Protein chains: 2
Amino acid sequence: MTNGSTDAAYAKTIAEIAAATGFSRTTVRFVINGQAERYRIKSETKKVIEDYVAAHGVAISHVARSLRTRRTDAIGLIVPDLANAFFASLTAELEIHCRRSGRVLLTASSQEDPEQEATAIAGLVERGIDGIVIAPCRSPGASRLSRAGRRLAVVVVDRAFPGSAWPTVVGDNAGVTAELTASMIATAAGAVHFLCACPDLPSIADRIAGFSQATAKAGFAHADRLIRTHASDTTEAGRALMRGFFGDGGRPPLAFICSSLLILEGALQEIVAAMGRLPPELLIGTFDYHPLLDAVPNRILSVRQDEKAIAEKAFDYLVAQMDGRPAQPLHVVVPGRIVNTASAVG
Amino acid sequence: MTNGSTDAAYAKTIAEIAAATGFSRTTVRFVINGQAERYRIKSETKKVIEDYVAAHGVAISHVARSLRTRRTDAIGLIVPDLANAFFASLTAELEIHCRRSGRVLLTASSQEDPEQEATAIAGLVERGIDGIVIAPCRSPGASRLSRAGRRLAVVVVDRAFPGSAWPTVVGDNAGVTAELTASMIATAAGAVHFLCACPDLPSIADRIAGFSQATAKAGFAHADRLIRTHASDTTEAGRALMRGFFGDGGRPPLAFICSSLLILEGALQEIVAAMGRLPPELLIGTFDYHPLLDAVPNRILSVRQDEKAIAEKAFDYLVAQMDGRPAQPLHVVVPGRIVNTASAVG
DNA sequence: CTGTTAGCGCGTTCAG
DNA sequence: CTGAACGCGCTAACAG
């Protein structure tokens, strides 16, 4: 409406700016990309173009650029479930790194389903992402990641499936679980049970190993008797696992560890449903943290992963690959730590 | 390694397949896109191409396609904070719709910061997303959404800033808050306080209006005395708001409502920090749901938004715009409902 | 009927 | 400071 050329309301393409100012597309591009000096564009020319841009705006098509440069400055992230606070936090951290480096993060979730994972990977790869961070729900060797793109950078996080060809960044699991278990056995002066989803996931297998080790060390003969597993990591699975105790006509274990917040949520719901409340003497251990844990009156020991450090490492590895630098250590374990919730003092 | 042409390990482009099979790119494309019959490709030809594809794989460049079709089959989502369970759930629901319709969802978060929001919008728009669903952190008129792209579909969710030019899908706020407040006043037989982040957000303003209305109706003279606000929606803000009560040398209010889970988390943490535990007589109201609420022994009334319905409506509106169909009602309010947590029976 | 040719879209690149 | 080719899938027009 204001000017006469095309559509006044919208930003202009390089070709439009070139046509309007009478310079070539190349010249316009140099000015817009801040390379005016490098290519000795006359300052007067520069000003004309800059003024036009200031008045009308530019709309660089990243799509066209990507076609040529074979880069999208986009990286993908595939997580099993955003409802899991650990992954939500990891996502937020990775986004910070992306924004800082002028990239965008494309997040997709697999809902722990290999098919959805495959769909998500395909969708992102087709769109030319430069790299991908993935917490795979199956061994990634089986996925189509390898055939995906000519040069796709890949970093696996959280789940170190054996034989993975890609750099892997995981939180500590075996060590910290052993520590947690030992501490709880000492406090409870008795057996500690382990409610555990997805025992086939490497991260969970490590937790089981840590648990078994600490249990054996404390003198319990049959560690596996204390472990109950479920195939899926959901609130419902947590309820089912806890229901197992009530089903035996019994009571909940006095001390137990849940392999994830979702399992814990379900387990607690089931106890409340069955008993009307949480027995105050219950000693609880869990992985990952949520602020609401502080409002639960029971003593809770939580293993906090360092999402920030994991995200940073993963991002570094990704950038290293994209730059052609091979990542030095192919496997990094980021230590976690055990914290008491606020109510634990009571 | 296996074949001789280019790189054995990777899927082939249309041009590569054409060169290898001896047909033209157009023919190959027809077969690959399942249009062989429509364009009467000889079935023998079709088989040759299909066999080659089966053996080597195809790698359609969505980037090149987008350049031509001016569609990316990608839609963007901008949320203030993924740590907020409401937005995490909304994201998951939208992703389902995208997958079903062969699109990908690109999620970015603004951390409630207008600048980050602008960066995120720009990043997505530059990459040619077909539409965007946004829970804006400021009035979106001020944002650059309007100048963004020639034809970007936009739907605003959760926050209906006045005068918005775009279709808006929000949860009910005023009505359900009035209901919640009235119910809590009746139960507590006394005043109910409202701890409230971001009072300038339209969704929160509606909640304040509902609260004030119910409070006035119940005969409380100065509703605004019962409302305390904080500029940001974080756990820390919740702690600060609750600290206000203790600062007066007082005790926490016997009945209070928090405008979000984050505020609630902070408020509860602060009470636990100050008193060592949550007084069991505390009556609590909050917005949005988290499974861990069920493990808090106090009676909690939670307003649950219907993320599924919100996501569905928003997606419908988006698709309608992308198809050139104008969305009929420009503003939809999805009803919420009040639920008791499991412990509320006690 | 069966398939091909030519150019488009738009930012990038490099020889002029 | 410019011109022309390039990347790769899409589409209309066209030949055998």
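If you're wondering where the values come from, they're calculated on a predicted model, not measured in any experiment. Labels below follow one simple rule: chain letters A, B, ... track the order of the sequence lines, proteins then strands, and each chain is numbered from 1. Side chains included, hydrogens not; waters and symmetry mates left out as well; all remaining heavy atoms used.
One finds no side-chain N or O of A:Arg29 lying less than 4.0 angstrom from the OP1 or OP2 phosphate oxygen of C:dG11. A close approach under 4.0 Å does occur between a side-chain nitrogen or oxygen of B:Arg65 and OP1 or OP2 of D:dC10. Distances shown here put every side-chain N or O of A:Asn33 at or beyond 4.0 Å from the OP1 or OP2 atom of C:dG11. Contact annotation: B:Thr27 side-chain N/O to C:dT4 OP1/OP2 distance is under 4.0 Å.
Residue B:Ser66 is classed as having no contact, given no heavy-atom separation below 4.0 Å to the nucleic acid.
Nucleotide D:dT11 holds its P atom 12 Å from the CG atom of B:Leu67, rounded to whole Å. When rounded to the nearest whole Å, the span between CZ of A:Phe30 and P of C:dG11 equals 14 Å. Rounded to whole Å, the distance from CG on B:Asp73 to P on D:dC10 is 11 Å. Note: NZ (B:Lys46) to C1' (C:dG3) measures 16 Å, nearest angstrom. Spacing between atom CD1 of B:Ile17 and atom C1' of D:dG9 amounts to 12 Å, rounded to whole angstrom units. Between A:Ile32 atom CD1 and C:dT12 atom P there is a gap of 9 Å when expressed in whole angstrom units. In this structure, CZ of A:Arg71 is placed 15 Å from C1' of D:dG7, rounded to the nearest angstrom. Counting to the nearest Å, the P atom of C:dG3 and the CD atom of B:Gln35 are 15 Å from each other.
A salt bridge does not link B:Arg100 to B:Glu312: none of the charged side-chain nitrogens sits closer than 4.0 Å to a carboxylate oxygen.
Between B:Val58 and B:Lys12, every side-chain heavy-atom pair lies at or beyond the 4.5 Å cut-off. Looking at heavy atoms from C-beta onward, A:Ile75 lies in side-chain contact with A:Cys98 at the 4.5 angstrom threshold.
Side-chain proximity of A:Arg68 to D:dC10, C:dT5, D:dG7: nearest is D:dG7. Minimum atom distance to the side chain of B:Arg40 is reached by C:dC1, of the listed C:dT4, C:dC1, C:dG3. Among C:dC14, D:dA12, C:dT12, the nucleotide with an atom closest to any side-chain atom of B:Thr26 is D:dA12.
Among residues at least two apart or in separate chains, side-chain hydrogen bond (donor to acceptor under 3.5 Å, both in side chains) pairs with a member in residues 87-98 of chain A are A:Glu95-B:Ser109. For residues 30-42 of chain B, the side-chain hydrogen bond (donor to acceptor under 3.5 Å, both in side chains) pairs, not counting sequence neighbours, are B:Glu37-B:Lys46.
Below the 3.5 angstrom threshold, one finds a donor paired with an acceptor across the side chain of A:Arg25 and the base of C:dT12.
In this structure, B:Tyr39 and B:His62 both approach DNA chain D, and ranking their closest nucleotides by distance from the 5' end singles out B:His62. When each of B:Ile41 and A:Ile14 is assigned the nucleotide of DNA chain C with its nearest heavy atom, B:Ile41 is the one assigned upstream, toward the 5' end.
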